[in-house]
Amino acid sequence: MVQQTLSIIKPDGTQRNLVGKIVSRFEEAGLRVVAMKRKLMSDHEAKGFYAVHKDRPFFGELVQMMTSGPVVIMVLEGENAVLRNRELMGATDPSKAAAGTIRKDFAKSIGENTVHGSDSPENARTEIQYFFSATEIG
Ligand code: ADP
Ligand code: MG
């Protein structure tokens, strides 16, 4: 089933100039970038995007990290894109991520873990709409 999912290259990834390397992994895995923008997320935007985590002890740290530098936000499209992207990313904690995953190879820590990816088709739809209008995707 062809799906779309939201991917974000986090500030630790843009800061280390890893955008091309990360996008190549998606493309080589058969995912297509159908929307892309680079921007500095506002505090309000980051808090809204991660609202599901607002009661977690790391919420403040997470919002600070996501607004600490530019991010690259993408819509990826392909067969089983949601799960495929999560497989390419690897586990949240890079020390637990499988060999060959983006987080294993690039993440600095459980917080600065280089990429975000939607965790379900429902959340993917919500997250895509949070950052892109329909006319920006194609
Ligand atoms: P994932 O990004 O793998 O879906 P979560 O949704 O659980 O992981 O968490 C969202 C983000 O919050 C993580 O990617 C990471 O940047 C940050 N985070 C999660 N757990 C911690 C933690 N224990 N300490 C600091 N930051 C964390
Ligand atoms: Mg998550």
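Remember, predicted model here, so these are calculated numbers, not experimental data. As the structure lists them, so they are numbered: ligands from 1, and atoms in each ligand from 1.
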Considering all heavy atoms, the nearest Ser120-Val82 contact: N-CG1, 3.7 Å
N or O pair under 3.5 Å between Thr92 and ligand 1: yes
Which of the ligand 1 atoms, numbered from 1, are nearer than 4.0 Å to a heavy atom of Asn113: 13 (C), 14 (O), 15 (C), 16 (O)
His116 touching ligand 1 at heavy-atom level, < 4.0 angstrom: no
Any side-chain heavy-atom pair of Val34 and Phe132 under 4.5 Å: no
Distance (rounded to the nearest 0.5 Å) between Lys10 NZ and Phe106 CZ: 15.5 Å
Ligand 1 versus Leu62: contacting region, heavy-atom distance under 4.0 Å: side chain
With Val72, the side-chain contact (heavy atoms from CB on, under 4.5 Å) member among Ile9, Val23, Leu18, Ile8: Ile9
Interfacing atoms of ligand 1 (cut-off 4.0 Å, heavy-atom, Met65): 16 (O)
Sidechain N-carboxylate O distance under 4.0 Å for Asp105, Lys21: no
Nearest atoms (heavy-atom pairs only) where Asp12 meets Glu112: OD1-C, 3.6 Å
Shortest protein contact, atom 22 (C) of ligand 1 (heavy atom only): Phe58 CD2, 3.7 Å
Location of contacts on Lys10 toward ligand 1, heavy atoms closer than 4.0 Å: side chain
Options Arg86, His53, Arg103, ranked by nearest heavy atom to atom 6 (O) of ligand 1, top entry: His53
Within-shell test, Met66 vs ligand 1, heavy atom, strictly < 4.0 Å: no
